Amino acid sequence: MKKQLTFLAALLALASLLAIAGCRQKITEIMTVTGATPLALQEPVPAGRSLVISGLVKKEYRLSSYTLNKFATARIRTREVSPSGEYEGAYVYTGIPLYNILEGVTPKKPENAPFDRPLDMAVVFHSSSGKTAWFSYGELVMTDDRHPCTLAFHRRQVLPSKDPEQYTKNKHKDDLRGLRLVCPRDPDTARYLDDVEKITLTVLHAPDAILPVMKKGAECASRGIVIIEKDAGKPVSFAGAARQKATGWVRIGHGRGYKGISKAEGYGLREVLKKNFRACGPDKFFLFVACDGYRVLFSGREIFLTNDGTSYLIVDTLDGRKATGNYMLAPVDDYFVDRDVWGLSHIVMLDAR
């Protein structure tokens, strides 16, 4: 009887091994037959990858491959075009969305900072070559998950199903050797960055002396919006700017949750900025300040080059009534409404440094 049981156990083990081998064979066959897009297989962060997060943070963070492997990952397809308009290829990346990393990082500003929250911060990515890529903190943390900026650790080509071995349109043939910053919201690869080693949180120099001071819980209204360029101010002009509407705007706050589903009306932010700033464009940053000192920083690239930027409004009417504080910055397609600026009183154009 014992011999029969031992023989049966051996047969079951052999069948299990054959089944596993068969599955692997099928996966190999599928990958060979299709040739077009790699299968969505689980891939770990390779050994030797590391990331440092420093700057205006509570402590410096040093993430090894072991630690990076604990973050939730995403699989993202890109169609990449250079800043000059040349096609660079189509790829599938496996990586860690920046939101997943930054939500575990605690920003910390100096005690005398004019605003104590991170929404006016810039996030700078540094490569081993010395190159940098600049983002607003909000565009990495407050936007939704449709096209997340991602630190990728694996890359595969997207190949056509017909004669994939002869395809030559993809610029990059190899897998990644470091962490690659991938920005699928952007229309080009200007902010893509290879071999990212460090992330720093910082603030851009702003003319604080002429901006409202932060007053928590203060109730105020904007008497008008002041445009500031190179420390010189002038009243905003809406002359010639087209009116825009937003409906079905689901408003959820990061801190206090659901706020309503609203209708908003005002002026398109892109058009207002172009009409009021001479050197306005994607390479600038824009600081929006409320009459109570609340601040939010946006990159010019997210305003002028992303699809979400078309929905950004300066609202004066919300749900059929005058907006609280008279004027309100409304990035309608954000996931959270924390970048809304009630009582908008100043817009400052800044340069990255």
Side-chain angles (χ1 to χ4, degrees), residues 16-53 61-81 87-105 123 125-129 131 133 135 140-141 143-161 164-165 167-186 189 191-199:
S16 178
L17 288 171
L18 289 173
I20 292 171
C23 288
R24 288 177 176 169
Q25 177 66 27
K26 287 179 181 178
I27 289 173
T28 303
E29 288 174 358
I30 291 171
M31 293 180 73
T32 303
V33 169
T34 64
T37 302
L39 294 177
L41 303 178
Q42 184 176 355
E43 297 182 276
V45 179
R49 306 290 192 268
S50 63
L51 182 67
V52 175
I53 305 172
Y61 300 79
R62 291 184 173 271
L63 309 180
S64 64
S65 290
Y66 175 80
T67 306
L68 291 169
N69 264 312
K70 295 182 178 297
F71 286 95
T73 61
R75 183 174 182 264
I76 297 172
R77 294 176 295 174
T78 65
R79 295 173 294 186
E80 298 177 15
V81 178
Y87 181 68
E88 295 186 343
Y91 308 95
V92 175
Y93 290 95
T94 302
I96 306 169
L98 264 301
Y99 174 78
N100 295 356
I101 295 175
L102 290 177
E103 71 172 342
V105 171
V123 182
F125 295 82
H126 305 260
S127 77
S128 61
S129 67
K131 294 180 179 179
F135 293 76
L140 300 175
V141 174
T143 53
D144 65 23
D145 301 324
R146 287 173 296 166
H147 305 289
C149 289
T150 298
L151 279 180
F153 50 83
H154 281 298
R155 174 177 61 203
R156 300 288 183 268
Q157 297 182 68
V158 174
L159 298 170
S161 57
E165 66 282 352
Y167 191 71
T168 61
K169 301 298 183 182
N170 291 332
K171 176 182 176 181
H172 307 294
K173 310 296 182 185
D174 301 327
D175 197 358
L176 300 174
R177 287 179 287 182
L179 297 174
R180 177 171 168 84
L181 176 62
V182 177
C183 318
R185 290 181 191 270
D186 288 9
T189 58
R191 295 198 292 183
Y192 283 49
L193 200 61
D194 281 318
D195 203 14
V196 173
E197 294 184 331
K198 184 170 68 172
I199 300 173

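Fair warning: this is a prediction, and the values are worked out from it, not measured in the lab.
Of all heavy-atom pairs spanning I96 and F153, the tightest one is CG1-CE2, 4.1 Å. When every heavy atom of K198 is checked against every heavy atom of L51, the shortest pair comes out as N-CD1, 4.0 Å. Between Y93 and T78, the shortest heavy-atom contact is CE1-OG1, 3.4 Å. Across every non-hydrogen atom of L179 and S50, the tightest pair is CD1-O, 3.8 Å. Scanning both residues, C183 and F135, for their nearest heavy atoms gives SG-CZ, 3.5 Å.
Taking T150 as the reference, nothing meets the side-chain hydrogen bond (donor to acceptor under 3.5 Å, both in side chains) condition, with sequence neighbours excluded. The side chain to side chain contact (heavy atoms under 4.5 Å, CB included) search around P184 returns I76, H147, V182, not counting sequence neighbours. For S65, the side-chain hydrogen bond (donor to acceptor under 3.5 Å, both in side chains) test picks out no residue, with sequence neighbours left out. Remark: S127 engages S129, K131, L193 in a side chain to side chain contact (heavy atoms under 4.5 Å, CB included) (not counting sequence neighbours). For the side chain to side chain contact (heavy atoms under 4.5 Å, CB included) test, residues two or more places apart in sequence or in another chain that qualify with K70 are Y66. Contacts of R191 classified as side-chain hydrogen bond (donor to acceptor under 3.5 Å, both in side chains), with partners at least two apart in sequence or in another chain: E139, D186.
The closest side-chain heavy-atom distance from L176 to Y91 is not below 4.5 Å. You'll find the side chain of V105 stays beyond 4.5 Å of the side chain of I199, heavy atoms only. For the pair L68/L151, no side-chain contact is recorded, criterion being any heavy-atom separation below 4.5 Å from C-beta on. The side-chain heavy atoms of V45 and F71, taken from C-beta on, include no pair separated by under 4.5 Å.
Looking at H154, its side chain does come within 3.5 Å of a backbone N or O of P44 through a donor-acceptor pair. For the pair D195 (side chain) and G178 (backbone), a donor-acceptor distance under 3.5 Å is absent. With hydrogens and angles disregarded, a donor-acceptor distance shorter than 3.5 Å links the side chain of R49 to the backbone of R177.
The number of heavy atoms from other shown groups lying within 6.0 Å of CD (E103) is above 12. The local environment of CZ in R146 is crowded, with over 12 non-hydrogen atoms from other residues, nucleotides or ligands closer than 6.0 Å.
Rounding to the nearest 0.5 Å gives a distance of 10.5 Å between CG of L159 and OG1 of T168.
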*Go through Y192 and L181 one step at a time and tell me if the side-chain contact (heavy atoms from CB on, under 4.5 Å) criterion holds.*
CA-CA 5 Å; Y192 283 49; L181 176 62; 5.9 Å; no

_Audit row: L98, V123, side-chain contact (heavy atoms from CB on, under 4.5 Å) steps and yes/no_ = CA-CA 11 Å; L98 264 301; V123 182; over 6 Å; no

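Of the residues listed (R79, E80, K169), the one engaging E88 in a side-chain contact (heavy atoms from CB on, under 4.5 Å) is E80, and it is the only one.
Under the 4.0 Å criterion applied to side-chain N and carboxylate O atoms, R180 and D175 are not assigned as salt-bridge partners.
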